[in-house]
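Here is the structure we will look at, set down as structure tokens.
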Amino acid sequence: MLERAAVALTMARLAGPAWWERRAHRSVLRDLYERRFRSPADARARAEALGLPALGHRLFAVVIRHTHTGTEEHLDERIAKVLERTGVRALVGETAPGRIGVLLALAQASAWQPVVERIGRLAREELGPDAFVAVGPGVTDLSGIARSWQE
């Protein structure tokens with residue numbers, strides 16, 4: 001029975017992102033921002049289950065603030081698809097009304113600036129000039145990502 005469930009989940013994941021995956025991204029991002037994990041190992045396990053490599057990568061918190069309503073889901077999906085096509089591993093989701101969070105996992109030698117600039121261009125295309133994009137300092141462990149969000 002467990003084998004069948006694992007196969008079904010794998011097939012669903014191969015078919016493309018589902019609504020529940022986007023909701024899971026939002027949930028993990030909010031929990032990281034608010035430090036609602038029992039342990040760093042718990043946070044790492046949840047992030048890695050969603051495809052974000054938490055070890056051996058630099059992690060960057062990106063926040064998009066805006067005043068538009070109803071467009072954040074579309075922008076979530078668009079950012080996630082663009083990052084996936086370019087090989088960037090990330091969690092993307094609305095973390096609060098008017099705020100979209102992106103948690104990037106980049107290889108140690110990768111530059112974060114081009115990735116954040118691409119996210120900024122997408123945000124401005126979708127939301128106009130009132131979109132504000134900020135990036136926190138990179139960290140090497142999920143336990144420091146809440147501080148990066150706040151900065």
Using every non-hydrogen atom in the two residues, find where [X] and [Y] come nearest and quote the distance to one decimal.
X      : Y      : result
Ala90  : Leu104 : CB-CD2, 3.9 Å
Leu106 : Ala111 : CD1-O, 4.1 Å
Asp76  : Gly93  : OD2-CA, 3.5 Å
Gln108 : Thr140 : NE2-CG2, 4.4 Å
Leu59  : Ala54  : CD1-O, 4.3 Å

What pairs with Arg44 under salt bridge (charged side-chain N to carboxylate O under 4.0 Å, His left out), at least two apart in sequence or on another chain?
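In terms of salt bridge (charged side-chain N to carboxylate O under 4.0 Å, His left out), with neighbours along the sequence ignored, Arg44 is linked to no residue.
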
Among Val116, Val135, Val115, find the residue that satisfies the side-chain contact (heavy atoms from CB on, under 4.5 Å) test when tested with Phe60.
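Among Val116, Val135, Val115, the one that satisfies the side-chain contact (heavy atoms from CB on, under 4.5 Å) with Phe60 is Val135.
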
For Val92, which of Leu103, Val62, Leu83 qualifies under side-chain contact (heavy atoms from CB on, under 4.5 Å)?
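Answer after filtering Leu103, Val62, Leu83: Leu83.
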
Tell me the salt bridge (charged side-chain N to carboxylate O under 4.0 Å, His left out) pairs involving residues 131-145, sequence neighbours left out?
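Listed by first then second residue: nothing to list.
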
Can you check whether [Y]'s main-chain N or O pairs, donor with acceptor, with [X]'s side chain at less than 3.5 Å?
X     : Y     : answer
His25 : Arg23 : no
Arg89 : Leu52 : no
Arg30 : Glu94 : yes

Taking the side chain as C-beta and beyond, is there a heavy-atom pair between [X] and [Y] under 4.5 Å?
X      : Y      : result
Asp130 : Arg65  : no
Leu29  : Val102 : no
Arg58  : Trp112 : yes

With side-chain contact (heavy atoms from CB on, under 4.5 Å) as the criterion, how do Val82 and Leu122 come out once you've worked through the C-alpha distance, each side chain's angles and the decisive distance to 0.1 Å?
CA-CA 9 Å; Val82 166; Leu122 286 170; 3.9 Å; yes

Is Ile100 linked to Phe132 within one hydrophobic cluster, defined over Ile, Leu, Val, Met, Phe, Trp and Tyr using a side-chain heavy-atom separation of less than 4.5 Å?
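Ile100 does not cluster with Phe132.
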
Tell me yes or no: between the side chains of Ser27 and Arg46, is some donor less than 3.5 Å from an acceptor?
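Their side chains do contain a donor-acceptor pair, which is all the 3.5 Å distance test asks for.
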
From Lys81 NZ over to Arg85 CZ, what is the distance, rounded to the nearest 0.5 angstrom?
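If we round to the nearest 0.5 Å, Lys81:NZ and Arg85:CZ are 8.0 Å apart.
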
Rounded to the nearest 0.5 Å, what separation is found between the CZ atom of Arg35 and the OG atom of Ser143?
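Reported to 0.5 Å precision, the distance equals 9.0 Å.
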
Could you go through Glu48 and Leu55, starting from their C-alpha distance and side-chain angles, then the distance that decides it, and tell me whether this counts as side-chain contact (heavy atoms from CB on, under 4.5 Å)?
CA-CA 9 Å; Glu48 288 177 346; Leu55 294 175; 4.2 Å; yes

Would you call Arg78-Glu125 a salt bridge at under 4.0 Å N-O?
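Result for this pair is yes, salt bridge flagged.
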
List the atom pairs, donor and acceptor, that lie under 3.5 Å between side-chain atoms in residues 144-151 and the rest of the protein, sequence neighbours left out.
{"residue": "Ser148", "atom": "OG", "partner": "Pro137", "partner atom": "O", "Å": "2.8"}

